[in-house]
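Down below is the structure, laid out as structure tokens.
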Amino acid sequence: MGVFCIFFACSSRGTTTPSPVDSGVADAGPGADAGAVADSGASCCSGVTAAKTGGTTIDGGAIYSSTRLLVSWTAGTGSLARYRVTSLDSVTATSSIVLVDAGTSSTTLTGLKSGTAYTISVAGCVDFGCTAVTTADASASATTEEEYWQIQGSTTKDNFDGGLLIVADGNTKAYSIRYPTDAGAPASVAGKVRLYYDAIGTTRKGVNIALSTNIATADASSVNSFVTLGADAGLFLPSSNTTYIDTLPGILTSQSIPLPASMGAKMRLFFEAEGADVKTRILSLDSNDGYLGEDFNSGASMRCQDAGDYSGGGCVPTVVVGVTADDAGTGLVNARQFKIGYPVLSSWIWDGAAGAFMFITAEDACGTTTNGLAYATWSGTTWSTEKVDGGSCPRFLTAAGHGPVVVHLGGVRYKLYWEDSTSGNSNKPLRVAYADGTRTGAATTVEFDDWESSATARQVHFLWPSGNKLSASSESGLGDHVIYCPTGDVNMQVMYMNLGGVDDPTWNTAPAGLGMAVLINP
């Protein structure tokens, strides 16, 4: 009656561990041997087919789920306890297994990667623990759909002016974090979404702070409207240059992360800033109002703006990722747009333990790139960039990409988006690649080698509210993406991003504001 086992990945060392079984079906147990063939007279399984599923119609055509495939087979003969369905991922050559009740001859595989070809085989389990199986008589192949995201707004305008604006004064550089309804969230914000963003105009450039009007639900419209604190709170450009924050461009992208009780039970605002030496670093400030995340000035004000605030005052930042000008040992000349990955679907509060990772848009001192994605890991006290063969040169996932976006998929599985600038900024499609921490090294953390190569990254597609596809030029006008799951369910993913900008030559002006898109084929 459908899929009752969660996927698990075979490790690169060739061992497998059956995953826990859901919905009351007993665990297959660590003794299950995927290679043991039964000698019981039972046979299985011919007529295996695999196909896309979950179709919807857009722009005159059909698209299907980006994470699911429907598998069917002819029922086996003899005494079979269950069926074992094995899917082989063509990108990483790793396998996943689900066990299905014997009373069915089809199942839907879930939690797959978008735009990925899978080879799927079915065998019969002679015993309930599946320690012995029949020979798989047939296999089938199918490819999941690539992701399609639909911009929200007017269905009568296929341009950025028709996009819904999530906050009245928003411009660029959004970052969102969902508060749970329990688990330590302040009562005044429980169930809502905190938004950090840059504002239109010149008076409040930097990090502005807003809160969703409604509590997040499975209805995407619940997270399409935010109320700003305006000039009352935030990090704004100083009136004169300071060591780490200059007057222009000053403070840029940001990400706020809740720290555990052992680290103060507060929010840590990581942000990118260019200093007086025209070098860009990643800095941080901790909140003074716990998890509320509105007050980052340790003084009387909730606002950081005067040069004195950032130099000896209540808003002195900590350097998180330094550059060669600091003799920081990172190998980076500039550290720009970034995103930190931690298992947010397991707990909205980061545990602070070693194993978190960070992708950084960077220029390196070795001359590899001026606009690539470097990788850093958290030791428990510091962030260290991944180096080539343990040397001084940083490793890059791609040498032509920026604006990383990290999405947790559960366990030690993540996906990474970035803007691919291989063909320049006027044609920079959004790409996505995946990582599974069990592939290499420690199975509980995500190392650089757990990520797929950039050469295998899939394209991400965008639709106007009308359902028509965006041109390559228009896609280039979507920048500073951030993606999250408002209800903690990966089947509902929401994106905030810039609507338009100079990278789109057909728009070639400031963004119309901060918009929203929804993944329509999860």
Short side-chain to backbone donor-acceptor contact, [X] and [Y], under 3.5 Å:
X	Y	result
D351	A353	yes
T370	E363	no
T385	T330	yes
R431	G401	no
Y342	I257	no
R281	R336	no
E475	P429	no
N521	E146	yes
T487	T217	no
S471	S474	yes

Distance-minimising heavy-atom pair for [X] and [Y]:
X	Y	result
V133	A123	CB-CB, 4.3 Å
L88	S95	CD1-OG, 3.4 Å
L463	Y148	CD2-CD2, 4.1 Å
Q493	I483	OE1-CG2, 4.0 Å
A216	V223	CB-CG1, 3.7 Å
S256	L269	CB-CD1, 3.9 Å

Pair [X]-[Y], side-chain donor/acceptor within less than 3.5 Å:
X	Y	answer
D450	T440	yes
S473	S476	no
S466	N468	yes
T506	D504	yes
H461	E147	no
K428	S426	no
S72	S106	no
D198	N171	no
Q255	T253	no

Task: Residues that S114 engages under side-chain hydrogen bond (donor to acceptor under 3.5 Å, both in side chains), provided they are two or more places apart - done: Y434
TODO: Could you go through the side-chain contact (heavy atoms from CB on, under 4.5 Å) check for R84 and I97 one step at a time?
DONE: CA-CA 7 Å; R84 188 190 72 193; I97 292 173; 3.5 Å; yes
Can you confirm whether [X] sits close enough to [Y] that some side-chain heavy atom of one is under 4.5 Å from a side-chain heavy atom of the other?
X	Y	result
L69	T53	no
V320	F270	yes
M495	V518	no
L478	L499	yes
H481	E419	yes
P404	Y417	no
V502	T509	no
I360	L373	no

- [ ] Report the C-alpha separation of V494 and M516 in whole Å, then their side-chain angles, then the decisive distance to 0.1 Å, and conclude whether the side-chain contact (heavy atoms from CB on, under 4.5 Å) test is met.
- [x] CA-CA 7 Å; V494 167; M516 170 177 163; 4.0 Å; yes
Task: D436 and K113: CA distance, side-chain angles, deciding distance, salt bridge (Lys or Arg N to Asp or Glu O under 4.0 Å) verdict - done: CA-CA 11 Å; D436 185 334; K113 303 173 187 177; over 6 Å; no
Could you tell me the separation between the [atom1] atom of [X] and the [atom2] atom of [Y], rounded to the nearest 0.5 Å?
X	Y	atom1	atom2	answer
Q459	L430	CD	CG	9.0 Å
N425	D420	CG	CG	10.5 Å
N371	N334	CG	CG	11.0 Å
I282	S254	CD1	OG	11.5 Å
H402	T361	NE2	OG1	7.0 Å
D161	D158	CG	CG	12.0 Å

Open item on the list: Before you tell me yes or no, could you show the steps for D480 and Q337 under side chain to side chain donor-acceptor pair (under 3.5 Å), namely the whole-Å CA-CA distance, both residues' side-chain angles and the distance that decides it to 0.1 Å?
Closed with: CA-CA 9 Å; D480 296 345; Q337 293 171 310; 3.1 Å; yes
Open item on the list: Would you call the rings of Y496 and Y484 parallel, tilted or perpendicular, taking 30° and 60° as the class edges?
Closed with: tilted
TODO: Look at the rings of W451 and F357 and say which category their plane angle falls in: under 30° parallel, 30 to 60° tilted, over 60° perpendicular.
DONE: perpendicular
Open item on the list: Applying salt bridge (charged side-chain N to carboxylate O under 4.0 Å, His left out), can you list everything that pairs with R458, at least two apart in sequence or on another chain?
Closed with: E452
- [ ] Please lay out, stage by stage, how F396 and T369 fare under the test side-chain contact (heavy atoms from CB on, under 4.5 Å).
- [x] CA-CA 9 Å; F396 285 85; T369 180; 3.4 Å; yes
Open item on the list: Suppose we call two aromatic rings close when their centres sit under 6.0 Å apart. Are Y175 and Y197 close by that rule?
Closed with: no
Task: side-chain contact (heavy atoms from CB on, under 4.5 Å) evaluation trace for V193 with I177 - done: CA-CA 6 Å; V193 177; I177 182 168; over 6 Å; no
- [ ] Could you check R395 against E386 for salt bridge (Lys or Arg N to Asp or Glu O under 4.0 Å), going step by step and ending with a plain yes or no?
- [x] CA-CA 6 Å; R395 293 180 74 181; E386 177 87 7; 3.2 Å; yes
Open item on the list: Counting neighbours of OH on Y414 that are heavy atoms of other residues, nucleotides or ligands and sit closer than 6.0 Å, is the number greater than 12?
Closed with: yes
Open item on the list: Is there a side chain to side chain donor-acceptor pair (under 3.5 Å) between T92 and D89? Walk through the geometry before answering.
Closed with: CA-CA 6 Å; T92 59; D89 170 359; 2.9 Å; yes
Task: Qualifying ring-ring contact (aromatic ring centres under 6.0 Å, His included) pairs with a residue from residues 80-115, counting only residues at least two apart or across chains - done: W73-Y83
Task: Criterion ring-ring contact (aromatic ring centres under 6.0 Å, His included) against W383, the qualifying member of W378, F359, Y375 - done: W378
Open item on the list: One thing to verify: whether D101 and R82 come together as a salt bridge, which I'm taking to mean a side-chain N less than 4.0 angstrom from a carboxylate O.
Closed with: no
